[in-house]
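Below, all heavy atoms of this structure are taken into account, side chains as well, without hydrogens, waters or symmetry copies. In what follows, chains carry the letters A, B, and so on, assigned in the order in which the sequence lines appear, proteins first and then strands, with residues in each chain numbered from 1.
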Protein chains: 2
Amino acid sequence: MDHQDARELRSRGMAATGRRLLVLRFLRLQREPRSAAEIHACLRSHGDHIGLTTVYRTLAILVRADLVHAFKRNGETAYRICNRGRHCHLVCRGCGAVTEIVASGLEPASTAGFRIEEIYGTCSACLESEPPVRPGTGPGPGSSAG
Amino acid sequence: MDHQDARELRSRGMAATGRRLLVLRFLRLQREPRSAAEIHACLRSHGDHIGLTTVYRTLAILVRADLVHAFKRNGETAYRICNRGRHCHLVCRGCGAVTEIVASGLEPASTAGFRIEEIYGTCSACLESEPPVRPGTGPGPGSSAG
DNA sequence: ATGACTGCAAACGATTTGCAGAATC
DNA sequence: GATTCTGCAAATCGTTTGCAGTCAT
């Protein structure tokens with residue numbers, strides 16, 4: 001509901017303008033992170049007039065307010081609504097899917113003292129559709145490794 | 001030793017040119033990742049003539065050959081010599097330090113099926129020098145969370 | 001009515017590409 | 001000697017900034 005978002009924004013000292021509610025509402029509908037360009041294009045194609053600059057500025061504000069989290073995806077930044085509280089993100093480089101997980105279960109001895117914030121890798125679904133790199137084929141060990 | 005690097009490059013189908021050995025040798029001396037601009041500047045200030053374009057092209061080749069790994073650092077890409085074999089990287093957003101760790105110890109139930117490649121966060125040293133965010137001060141839980 | 005928000009166009013930094021000359025194999 | 005590599009300058013991509021007009025409070 002807009003009033004909810006508006007209150008959320010207001011409580012954080014920022015004006016609840018139409019464009020901001022637009023971006024916030026759009027992000028609430030997305031399961032995966034979206035880039036500024038994507039958000040901009042989607043909103044425009046939906047008939048909403050908003051500038052790319054405003055999208056960037058709004059996202060920066062939402063990130064600072066901890067309402068949205070930013071992920072690096074290839075050469076660009078993608079944004080997603082984010083729950084508050086101590087958690088970290090599992091980000092798949094293949095499909096871009098993001099899963100929030102509890103960090104406490106991920107800190108064995110090898111990472112002692114290191115606060116995990118994001119984990120990048122490949123999810124099970126994308127692992128299956130990976131190029132066939134079976135041992136014995138391609139540039140594997142045994143060919144010319146030193 | 002140069003001959004070693006040269007052989008390494010040759011065995012991967014790429015010419016062992018002076019510039020490539022230059023970049024490779026430089027990276028071997030670095031403990032932390034370095035950006036293309038940093039590599040370029042350091043080599044030049046050392047008296048070696050090399051173009052920024054060549055640095056980028058060489059790095060791309062070394063990454064494809066699995067000799068070097070690329071890390072996203074703020075708005076740029078940083079590169080570091082990388083051991084082959086199954087391992088993942090622990091990258092500190094504060095100081096940029098990278099540690100290679102064995103991934104097998106990092107896959108509890110919550111990440112089942114997910115292949116971890118990189119972990120971003122904050123190392124213990126940087127955690128201590130963080131801004132004083134004590135509970136009760138600032139935008140902590142209990143203020144207006146919904 | 002004031003001050004913050006918005007949009008356009010230009011600026012910006014990192015990276016890539018086109019093409020002529022120089023190196024390697 | 002053919003092919004690949006190299007460097008410069010220009011182009012590209014994502015993002016930020018300057019400034020005048022618009023909106024929310």
Side-chain angles (χ1 to χ4, degrees), chain A residues 2-3 5-26 33-45 47-65 67-79 96 144, chain B residues 2-3 5-26 33-44 47-65 67-79 96:
Chain A
D2 275 23
H3 295 195
D5 282 343
R7 198 172 309 179
E8 188 84 56
L9 292 173
R10 293 290 213 71
S11 77
R12 296 172 171 282
M14 51 183 113
T17 69
R19 312 301 145 93
R20 289 176 184 179
L21 293 174
L22 217 55
V23 172
L24 203 43
R25 202 185 325 153
F26 175 82
R34 301 296 173 204
S35 70
E38 283 175 337
I39 297 169
H40 180 240
C42 286
L43 289 178
R44 285 227 170 179
S45 72
D48 296 308
H49 185 208
I50 185 173
L52 182 55
T53 302
T54 300
V55 173
Y56 274 110
R57 282 196 274 232
T58 299
L59 289 170
I61 285 173
L62 293 176
V63 167
R64 242 179 289 144
L67 288 172
V68 162
H69 195 95
F71 303 90
K72 295 296 179 185
R73 200 179 61 181
N74 222 14
E76 65 187 9
T77 308
Y79 304 83
S144 62
Chain B
D2 275 24
H3 295 195
D5 283 341
R7 197 172 308 178
E8 188 82 54
L9 292 173
R10 292 290 214 71
S11 77
R12 296 172 171 281
M14 52 181 113
T17 68
R19 310 302 144 94
R20 289 176 183 179
L21 293 174
L22 216 55
V23 171
L24 202 45
R25 203 185 323 153
F26 175 82
R34 300 296 173 203
S35 70
E38 282 174 337
I39 296 169
H40 180 240
C42 286
L43 289 179
R44 286 229 170 178
D48 297 308
H49 185 208
I50 185 173
L52 182 54
T53 302
T54 300
V55 173
Y56 274 110
R57 283 196 274 232
T58 299
L59 289 170
I61 285 174
L62 294 177
V63 166
R64 243 179 288 144
L67 288 173
V68 161
H69 194 95
F71 303 90
K72 296 295 178 184
R73 199 179 64 181
N74 221 16
E76 65 186 9
T77 308
Y79 304 82

Rounded to the Å, how far apart are [X] [atom1] and [N] [atom2]?
| X | N | atom1 | atom2 | result |
| --- | --- | --- | --- | --- |
| A/His49 | D/dC23 | NE2 | P | 12 Å |
| A/His40 | D/dC13 | NE2 | P | 17 Å |
| B/Asn74 | D/dT16 | CG | P | 11 Å |
| B/Ile61 | C/dT16 | CD1 | C1' | 14 Å |
| A/Leu9 | C/dA4 | CG | P | 17 Å |
| A/Arg7 | D/dT25 | CZ | P | 14 Å |
| B/Met14 | C/dA23 | CE | C1' | 17 Å |
| A/Glu76 | C/dG13 | CD | P | 21 Å |

Answer whether the closest heavy-atom distance between the side chains of [X] and [Y] falls below 4.5 Å.
| X | Y | result |
| --- | --- | --- |
| B/Tyr79 | B/Leu62 | no |
| B/Ile39 | B/Thr58 | no |
| A/Ile50 | A/Val23 | yes |

Could you check whether the side chain of [X] and the base of [N] have a donor-acceptor pair of N or O atoms closer than 3.5 Å, going by distance alone?
| X | N | value |
| --- | --- | --- |
| B/Thr53 | D/dA10 | no |
| A/Arg57 | C/dG7 | yes |
| A/Thr77 | D/dT15 | no |

What contact category does A/Arg10 fall into here, base, sugar-phosphate, or nothing, at under 4.0 angstrom with non-hydrogen atoms?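 Sugar-phosphate, backbone atoms only, no base.
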Does B/Ser35 reach a base, just sugar-phosphate, or nothing at all? Heavy atoms under 4.0 Å.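 Result for B/Ser35 = nothing.
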Closest approach to the side chain of [X], judged atom by atom: which nucleotide of [options] is it?
| X | options | value |
| --- | --- | --- |
| B/Thr17 | D/dT25, C/dC8, C/dT24 | C/dT24 |
| B/Ala16 | C/dT15, C/dC25, D/dG14 | C/dC25 |
| B/Tyr56 | C/dA14, C/dC8, C/dC5 | C/dA14 |

Quick one, A/Leu21 with A/Leu9, criterion side-chain contact (heavy atoms from CB on, under 4.5 Å). Give me CA distance, side-chain angles, the key distance, then yes/no. CA-CA 9 Å; A/Leu21 293 174; A/Leu9 292 173; 3.9 Å; yes
Are any side-chain N or O atoms of B/Arg73 and backbone N or O atoms of B/Ala78, one a donor and one an acceptor, separated by less than 3.5 Å?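 No: the side chain of B/Arg73 does not pair with the backbone of B/Ala78.
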For C/dT24 and B/Arg19 - does any side-chain N or O of the residue sit under 4.0 Å from the phosphate oxygens OP1/OP2?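 Checking B/Arg19 against C/dT24: no side-chain N or O falls below 4.0 Å of OP1 or OP2.
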